[in-house]
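Residue numbers start from 1 in every chain, and the chains themselves are labelled A, B, ... in the order their sequence lines are given, proteins ahead of strands.
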There are 2 protein chains.
Amino acid sequence: MANQELRQDESLSALMERGNVFAAQCPSREVLKHVTSRWGVLVLVALLGGTHRFSDLRRKIGGVSERMLAQTLQWLEQDGFVLRTSYPVVPPHVEYSLTPLGQEVGLRVEALADWIQEKLPNILAAQQADA
Amino acid sequence: MANQELRQDESLSALMERGNVFAAQCPSREVLKHVTSRWGVLVLVALLGGTHRFSDLRRKIGGVSERMLAQTLQWLEQDGFVLRTSYPVVPPHVEYSLTPLGQEVGLRVEALADWIQEKLPNILAAQQADA
DNA sequence: TAACTTTTAGTAAGTACTTACAGAAAGGTA
DNA sequence: TACCTTTCTGTAAGTACTTACTAAAAGTTA
């Protein structure tokens with residue numbers, strides 16, 4: 001059983017460099033948490049549509065508080081997914097956009113969100129079925 | 001501004017049937033929460049690899065408690081993504097697998113998780129860069 | 001009879017996520 | 001001077017998520 005974990009085409013070092021979401025201590029877990037967080041998903045999808053200012057995002061994403069939006073943006077910025085551009089004017093003017101890395105995750109996240117939106121009727125029907 | 005929300009090719013009723021994750025009260029938000037929950041992602045990816053018993057999942061998914069695994073499986077079962085098959089024996093024998101709907105979400109979630117695993121080195125490098 | 005098996009419920013306790021609200025910054029407007 | 005603007009940051013308070021632990025069911029094995 002134990003050595004089944006090593007596949008033929010992957011060396012041990014290759015596995016270590018890759019990240020393993022099933023391992024509790026793997027740093028990929030944190031990244032996954034940020035990306036799939038309640039507001040992270042929506043921020044990524046929104047920014048896929050282009051650069052947004054803070055308040056644009058706040059308006060677009062129904063239900064976010066300023067506090068949570070700010071925190072989520074910081075997470076995504078630290079992971080290298082979001083680029084924050086601040087103009088030194090008063091009142092503040094800050095723009096958020098996706099980095100190339102951010103666009104890649106964004107596309108995956110959007111694919112998931114879109115699927116759920118499209119299949120919502122089927123899902124709701126399934127929920128009724130076994131209720 | 002207000003009427004820009006209606007696109008030419010989509011009637012109002014079509015929009016309502018589709019679900020909109022940006023709307024705070026849309027039921028798709030709940031589904032999204034279950035699918036992207038801390039353990040939901042991992043359960044879906046694990047089950048994509050085939051039917052698993054409860055304790056198999058617990059072993060495979062590093063860090064889950066029995067309590068959370070059970071709750072997550074119930075969420076996904078109610079949304080129609082997971083099929084629970086219970087054999088009336090003692091001690092209990094229960095098998096979990098994906099429904100056709102579950103396989104569809106599973107693939108999207110797996111695409112996201114795989115991307116993060118593969119790009120982890122790049123992400124960690126990006127984190128270092130602005131730290 | 002005591003102990004072990006597997007899956008899940010229930011409880012209390014702890015941690016993390018979220019919200020609501022007040023405040024700061026510095027220039028333009030009334 | 002009083003107030004408005006935008007983007008945040010603290011603070012306190014509330015809610016939700018997680019864990020650890022106890023317990024049940026009913027046969028099989030020691």
Requested in this report: Take A:S37 and B:R84, find for each the nucleotide of DNA chain C with the closest heavy atom, and name the residue whose nucleotide sits nearer the 5' end.
Outcome: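 Mapping each residue to its closest nucleotide by heavy atoms, the 5'-most match is B:R84.
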Query raised in the report: Mapping A:R38 and B:L73 to their closest nucleotides on DNA chain C, which lands nearer the 5' end?
Result: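 Comparing both residues, the 5'-ward one is B:L73.
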Using atom names, set out every protein N or O paired with an N or O of nucleotides 27-30 of chain D below 3.5 Å, distance rounded to 0.1 Å.
none

Between [N] atom [atom2] and [X] atom [atom1], what is the distance in whole Å?
{"X": "A:R29", "N": "D:dT18", "atom1": "CZ", "atom2": "P", "answer": "11 Å"}
{"X": "B:Q74", "N": "C:dA9", "atom1": "CD", "atom2": "C1'", "answer": "9 Å"}
{"X": "A:E77", "N": "D:dC8", "atom1": "CD", "atom2": "P", "answer": "9 Å"}
{"X": "B:L42", "N": "D:dT18", "atom1": "CG", "atom2": "P", "answer": "11 Å"}
{"X": "B:E95", "N": "C:dT6", "atom1": "CD", "atom2": "C1'", "answer": "13 Å"}

Query - Pair A:V43-A:Y96, side chain to side chain contact (heavy atoms under 4.5 Å, CB included): steps then yes or no - result: CA-CA 10 Å; A:V43 165; A:Y96 293 93; over 6 Å; no
Requested in this report: Answer with yes or no whether the hydrophobic clustering places B:W75 together with B:V31; edges join I, L, V, M, F, W, Y residues whose side-chain heavy atoms lie under 4.5 Å apart.
Outcome: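 In one cluster with B:W75: B:V31, no.
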Query - salt_bridge(B:R53, B:D56) N-O dist < 4.0 Å - result: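 Salt bridge between B:R53 and B:D56, a charged N being under 4.0 Å from a carboxylate O: no.
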**Report entry** Contact residues, residues 48-69 of chain B to DNA chain C [heavy atom, < 4.0 Å]
**Finding:**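 The stretch gives B:R53, B:F54, B:S55, B:E66, B:R67 as the residues lying under 4.0 Å from the strand, ordered by number.
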Report task. Among C:dT6, C:dT8, D:dC8, find the nucleotide with the atom closest to the side chain of B:P92. Result ->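 That would be C:dT6.
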Query raised in the report: Where the side chain of B:A70 is concerned, which of C:dA9, D:dT19, C:dT7 is the nearest nucleotide?
Result: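 Closest nucleotide among those given: C:dA9.
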Run the side-chain donor-acceptor check on residues 61-73 of chain B: report pairs under 3.5 Å with partners two or more places apart or on a different chain.
from, atom 1, to, atom 2, distance (Å)
B:S65, OG, B:M68, N, 3.2
B:T72, OG1, B:M68, O, 2.8

Query raised in the report: Is there a side-chain contact between A:L47 and A:F81 (heavy atoms, below 4.5 Å)?
Result: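 A side-chain contact under 4.5 Å is absent here.
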Query raised in the report: Are side-chain heavy atoms of A:R84 and A:V94 found at a separation under 4.5 Å?
Result: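 Yes, close enough: below the 4.5 Å cut-off.
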Report task. Could you tell me whether the side chain of A:T51 and the main chain of A:E95 form a donor-acceptor pair under 3.5 Å? Result ->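 Between the backbone of A:E95 and the side chain of A:T51 there is no qualifying donor-acceptor contact (under 3.5 Å).
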Query - Short side-chain N/O contact from B:Y96 to OP1 or OP2 of C:dT8, under 4.0 Å - result: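 Checking C:dT8 against B:Y96, a side-chain N or O does come within under 4.0 Å of OP1 or OP2.
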Report task. Have a look at B:L76 and tell me which of B:V82, B:L98, B:L83, B:T99 forms a side-chain contact (heavy atoms from CB on, under 4.5 Å) with it. Result ->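 Answer to the side-chain contact (heavy atoms from CB on, under 4.5 Å) test with B:L76 among B:V82, B:L98, B:L83, B:T99: B:V82.
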Query raised in the report: In Å and rounded to the nearest 0.5 Å, what is the NE2 to CZ distance from B:H93 to B:F54?
Result: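 If we round to the nearest 0.5 Å, B:H93:NE2 and B:F54:CZ are 13.5 Å apart.
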